[in-house]
Number of protein chains: 2
Amino acid sequence: MKASVKDEIRASGKRLTRTRKAVVAVLESAKYPLSPAELYALLQRRKVAIDPVTIYRNLSALKSIGLVRQLKLHQEDQFRYEMKEGREHHHHIRCKSCGKIADLLLCPLKKLTAMIERETRFVVGDHSLEFSGWCPRCQ
Amino acid sequence: MKASVKDEIRASGKRLTRTRKAVVAVLESAKYPLSPAELYALLQRRKVAIDPVTIYRNLSALKSIGLVRQLKLHQEDQFRYEMKEGREHHHHIRCKSCGKIADLLLCPLKKLTAMIERETRFVVGDHSLEFSGWCPRCQ
DNA sequence: TGCTATTCGCAATTTAATTGCATTAAAGAG
DNA sequence: CTCTTTAATGCAATTAAATTGCGAATAGCA
């Protein structure tokens with residue numbers, strides 16, 4: 001668990017509990033955003049005793065202090081979570097067959113906001129972009 | 001209900017039932033993709049007696065014959081549905097405050113597929129793009 | 001070490017969606 | 001138009017993700 005993350009948890013007034021540290025450690029080692037169920041399975045494998053509800057509550061707490069990002073991938077019916085640290089702005093591609101998720105490095109949309117604000121009169125805060133298709137193994 | 005839609009339902013071997021016609025009619029008149037719950041409320045308002053389960057089953061049937069598109073908006077925990085007819089490829093913007101959804105007319109991503117396929121070795125099938133922000137009334 | 005607010009674990013609940021099954025009705029045949 | 005077959009419906013029950021209530025445990029600090 002990164003020292004900066006530890007500091008931010010402390011600074012927020014939240015506590016560094018056994019389960020919270022374990023949740024952060026797993027998220028930090030993940031290569032793609034994890035669902036609560038995947039997180040639970042990974043924690044089991046690490047022999048961390050934890051109730052699924054506690055995972056939800058920790059994710060919610062970490063999200064509320066801005067350490068974790070909650071996202072939902074196209075056509076999935078569950079939330080996923082990732083550490084914000086070092087994953088500033090990026091998008092994903094998801095395999096329609098096996099569900100494998102990979103990061104995309106580029107974001108082609110930075111210039112688009114002004115155009116959309118003109119078109120819709122919304123103030124744009126965010127965007128999500130996701131591709132789906134077939135990963136190398138499923139082709 | 002459009003004649004072409006009626007034809008496609010018939011051609012698929014599915015039946016033109018009272019409830020199915022009502023579901024299509026509401027979807028055709030919608031300006032943005034509807035959730036099953038919204039659909040139910042709109043049908044109630046039109047005095048159409050229908051069980052929520054029947055809405056789910058009709059949406060599933062209409063989707064399976066390609067008349068309806070199922071989508072999930074970022075951070076929402078329910079599916080939405082729209083007629084494909086006349087809404088070929090587009091994206092949405094959703095108000096973070098009131099949930100209002102508007103269509104976007106442009107799609108800037110058509111040229112991007114090749115680049116992504118090279119980067120990830122996936123074969124790209126689809127993409128979803130969604131903006132969120134604040135609508136005129138919520139600003 | 002002891003105090004107190006936070007966090008935890010378990011049980012129960014909520015909400016979207018799905019499934020089982022007996023009944024109803026669409027639509028083609030005669 | 002009536003009969004027959006089979007898809008579709010309505011209701012009840014179930015599944016799965018997420019949330020909430022509450023007493024017990026514990027992190028952090030005096």
Side-chain angles (χ1 to χ4, degrees), chain A residues 1 5-26 33-44 47-65 67-81 99, chain B residues 1 5-26 33-44 47-65 67-81 99:
Chain A
M1 175 170 174
V5 171
K6 192 178 293 189
D7 293 344
E8 289 197 59
I9 293 175
R10 283 242 163 73
S12 75
K14 303 221 179 286
R15 294 178 183 176
L16 268 172
T17 62
R18 179 183 64 83
T19 55
R20 186 160 294 161
K21 283 185 280 191
V23 166
V24 169
V26 171
L34 299 176
S35 66
E38 288 170 340
L39 212 44
Y40 182 70
L42 290 168
L43 287 164
Q44 298 283 71
K47 312 286 185 203
V48 177
I50 188 170
D51 190 279
V53 178
T54 301
I55 296 177
Y56 280 106
R57 283 199 268 232
N58 270 312
L59 291 171
S60 163
L62 293 165
K63 178 189 164 194
S64 78
I65 58 179
L67 283 173
V68 157
R69 175 167 28 240
Q70 181 191 52
L71 51 110
K72 194 157 237 176
L73 297 188
H74 194 58
Q75 300 301 55
E76 279 197 340
D77 54 356
Q78 71 208 13
F79 285 109
R80 291 180 174 274
Y81 299 84
Chain B
M1 175 172 176
V5 171
K6 191 178 294 189
D7 294 344
E8 288 197 59
I9 292 175
R10 283 241 162 74
S12 76
K14 303 220 179 288
R15 294 179 183 173
L16 267 173
T17 62
R18 179 182 64 84
T19 55
R20 185 159 293 160
K21 284 185 280 191
V23 166
V24 169
V26 171
L34 300 176
S35 66
E38 288 170 340
L39 212 42
Y40 182 71
L42 290 169
L43 286 164
Q44 298 283 69
K47 312 287 187 203
V48 177
I50 188 170
D51 190 280
V53 178
T54 301
I55 296 177
Y56 281 106
R57 284 199 268 232
N58 270 311
L59 291 170
S60 163
L62 293 165
K63 178 189 165 195
S64 76
I65 58 178
L67 282 172
V68 157
R69 175 168 26 242
Q70 180 192 53
L71 51 111
K72 195 157 235 175
L73 296 187
H74 194 57
Q75 301 300 53
E76 280 196 340
D77 55 355
Q78 72 209 8
F79 285 109
R80 291 180 174 274
Y81 299 83

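Everything quoted here is computed from the prediction, not taken from an experiment. Sequence lines set the chain letters: A, B, ... in the order given, protein chains first and strands last, and positions in each chain run from 1.
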Would you say C:dG9 has OP1 or OP2 under 4.0 Å from some side-chain N or O of A:T54? yes

Nearest of D:dG10, D:dA27, D:dA17 to any side-chain atom of A:Q78? D:dA17

Could you check whether any side-chain heavy atom of B:Y81 comes within less than 4.5 Å of a side-chain heavy atom of B:L59, counting everything from C-beta outward? yes

5′-ward residue of the pair B:V53/B:R10 relative to DNA chain C: B:V53

Test log, rule side-chain contact (heavy atoms from CB on, under 4.5 Å), inputs A:M1 and A:I9: CA-CA 11 Å; A:M1 175 170 174; A:I9 293 175; 3.5 Å; yes

Find the distance B:Y56:OH to D:dT9:C1' and express it as a whole number of Å. 16 Å

Does the base of D:dG10 carry an N or O that pairs as donor and acceptor with the side chain of B:R57 under 3.5 Å? yes

Reckon B:P52 touches a base, only the sugar-phosphate, or nothing at all at heavy-atom distances under 4.0 Å? nothing

Take atom CD1 of B:I55 and atom C1' of C:dT18, then tell me their distance rounded to the nearest Å. 15 Å

Protein-nucleotide distance (B:L59, atom CG; C:dT18, atom P), rounded to Å: 10 Å

Tell me: CD of A:E76 to C1' of C:dA16, nearest whole Å? 16 Å

Find out whether B:K72 and B:Q78 are in side-chain contact, i.e. whether some heavy atom of one side chain is under 4.5 Å from a heavy atom of the other. no

Starting from P on D:dA16, measure out to CZ on A:F79 and report it in whole angstrom. 19 Å

Confirm from the modelled atom types if B:R15 and C:dG28 form a donor-acceptor pair under 3.5 Å, side chain to base only. no

Whole-Å gap separating C1' (D:dT9) and NZ (B:K14): 14 Å

Hey, does the side chain of A:S35 come within less than 4.0 Å of D:dA17's phosphate (OP1/OP2), counting only N and O? no

Test item: A:I65 and A:E8 side chains (from C-beta on) under 4.5 Å apart, heavy atoms: no

To the nearest Å, how far apart are A:K21 NZ and D:dG28 P? 7 Å

Does the side chain of B:E38 reach to within under 4.5 Å of the side chain of B:R80, using non-hydrogen atoms? yes

For A:D51 and C:dA11, give me the distance from atom CG to atom C1', rounded to whole Å. 10 Å

With heavy atoms under 4.0 Å as the rule, sort B:R20 into base, sugar-phosphate or nothing. sugar-phosphate

Selection from C:dC8, C:dA17, D:dA8 that lies nearest to any side-chain heavy atom of B:P36: C:dA17

Is any N or O donor-acceptor pair between the side chain of A:R18 and the base of D:dG28 shorter than 3.5 Å? no

